[in-house]
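Here's the structure we're looking at; comments come further down.
The first residue in the sequence is number 1, and the count goes up from there. Remember, it's 1-based here, ligands and their atoms both numbered in the order they're listed.
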Amino acid sequence: MSEAFQDVPNIPYEGPNSRNPLAFKHYNPEETVAGKPMREHFRFSSAFWHTMRNPLADPFGVGTARMPWDDGSQSIDNARRRVVAFFEFLDKMGMDFYCFHDRDIAPEGADLAETNRNLDAVVETFQELQAERGKQLLWGTACLFAHPRYVHGAATSCSSGVYAYAAAQVKKALEVTHALNGAGYTFWGGREGYATLLNTDMKRELDHLARFLHMAVDHKKKIGFQGQFYIEPKPMEPTTHQYDSDAAACLNFLREYDLLDHFKLNIEANHVTLAGHTVQHDLTVAANAGALGSIDANRGDELIGWDTDQFPTDIYQTTQVMLVLLEMGGFRTGGLNFDAKRRRESFEPEDLFHAHIGGMDAFARGLKVADAIRADGRLAGFVRDRYASWESGIGAVVERGEADFEALEKHALAHGEPELHSGRQEMLENLINEFV
Ligand code: XLS
Ligand code: CA
Ligand code: CA
């Protein structure tokens, strides 16, 4: 079979002085930074749904993407050709991981049984190519939002029949993720939310969702799947109110329903900014709970309030991400999955390479900058000193849990007005810019 990306060679590392657009300037997979090779820090992954299946349509026009390997049919042969093209892409990019939805990789059949057979047929091709090329599935997932049956949601649908269908779909998606030795499985609540409370029993829907996830945990154990379960927060799109709106909301839900031991979070940058937070905020919320599992690496557009899923190129943002990741000691099962698409105007196959190269280089720089900031130590030192009053005296008594209001009142009466110091935000922003 001829190559899908004939005009593109394997992408080499050529260093910061290179002017070759099809080369890495900063991402050097084997180069050791902060104790391990870049490759291991990032565990870069490409999203099958964007790289192979996104036609680049928008609400005003049809897709523009040129995909010469794809004949547009719903056949298994065509589905397999896409997989072959995808592995060629991963190879040329030097990427070790990928992610998919069940329905990205194989067409729906006349009924669920036929759909499952289609999936098995295409998964065989993935198995062969994984073994041959040494690639790994970072996580699998089920598409519970595109088909009209999920119009009212899946695990939160008002219809028990739809709920059962969704469970059957997740069961199969878990089994194929297991068959592909996936490192994880993601639950993104596609249409798990609502447009109006006039027609919605929120409590009942959330109880159903929790039951659904408990059943998924049970099935995971039953089939012996060892991968990590993730929940991916998102505040809006497609529904007005998504139940998993941000990291804090997800953690609260998981705790309330006794699921926290079984799930970590997959934090997507563009979803976090849609929720009105900085990416660093949600990563920190998740990491503080010991629940930062994986990252969907992309960015939004400050001028457009949508989930634009752009490739991450902002070094300030990748630096923030890498500061949190280094502090946490790196990924265990997760990775940086480019849940990102090219702009509609970037329709040539080669653009897939430019997009991923840009994201990988931006993270390589973020890693180097974050490592230098940590080695320098001034930033961490400033934060440490800012809380110095908790190290001894009344602060230490509070932190040990040995103070009460009477003791604090006694302290306040005896010591008068407390001394305060500047937060020095501008100075710290200047410090970061010394390294960026
Ligand atoms: C959509 C989500 C989705 C999940 C996987 O906005 O990002 O792609 O990552 O279902
Ligand atoms: Ca995502
Ligand atoms: Ca998104």
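Ranking the protein heavy atoms by distance from atom 10 (O) of ligand 1 puts His101 NE2, 2.6 Å first. The protein atom (non-hydrogen) at minimum distance from atom 3 (C) of ligand 1 is Trp188 CE3, 3.6 Å. Of the protein's non-hydrogen atoms, Glu232 OE1, 2.7 Å is the one closest to atom 9 (O) of ligand 1. Among protein heavy atoms, the minimum distance from atom 8 (O) of ligand 1 is reached at Asp339 OD2, 3.2 Å.
Comment: Lys25 does not engage Glu14 in a salt bridge, judged by the lack of any side-chain N to carboxylate O separation of less than 4.0 angstrom. Contact check on Lys234 versus Asp246 returns no salt bridge, with no Lys/Arg side-chain nitrogen under 4.0 Å from an Asp/Glu carboxylate oxygen.
A distance of 9.0 Å separates NZ of Lys135 from CE of Met95, quoted to the nearest 0.5 Å. Atom CG of Asn10 and atom CZ of Phe353 lie 9.0 Å apart (nearest 0.5 Å). Taking CG of Leu22 as the start and CD of Glu350 as the end, the distance is 5.0 Å to the nearest 0.5 Å.
The distance from the Ca ion (ligand 3) to the nearest N/O/S atom of Asp307 is under 3.0 Å. Counting backbone and side-chain atoms alike, Asp309 contributes no N/O/S atom closer than 3.0 Å to the Ca ion (ligand 2).
Counting heavy atoms under 4.0 Å from ligand 1, residue Asp307 touches it through the side chain alone. Proximity of Asp296 to ligand 1, defined as any heavy-atom pair under 4.0 Å, is confined to the side chain (atoms from C-beta onward).
Within the cation-pi definition used here (under 6.0 Å to the ring centroid, within 45° of the axis), Arg149 qualifies as a partner of Tyr165. Under the 6.0 Å distance and 45° angle rule, Lys92 does not count as a cation-pi partner of Phe5.
Of the residues listed (Glu175, His178, His214), the one engaging His219 in a side-chain contact (heavy atoms from CB on, under 4.5 Å) is Glu175, and it is the only one.
Residues Phe89 and His356 bring their aromatic ring centres within 6.0 Å. Aromatic pair His262/Phe229: ring centres not closer than 6.0 Å.
Annotation: Asp309 places no N or O atom under 3.5 Å from an N or O atom of ligand 1; distance criterion only. Considering both main-chain and side-chain atoms, His271 comes within under 3.5 Å of ligand 1 through a nitrogen or oxygen pair.
When you scan the N, O or S atoms of Asp296 for the one nearest the Ca ion (ligand 2), you land on OD2. The atom name of the N/O/S atom in Asp339 closest to the Ca ion (ligand 2) is OD2. The atom name of the N/O/S atom in Glu232 closest to the Ca ion (ligand 2) is OE2. Nearest N/O/S atom of Glu268 with respect to the Ca ion (ligand 2) is recorded as OE1.
In this comparison of Glu237, Gln242, Glu268, Lys234, the heavy atom closest to atom 6 (O) of ligand 1 sits on Lys234.
Near Trp49, the atoms of ligand 1 lying under 4.0 angstrom from a non-hydrogen atom of the residue are 8 (O).
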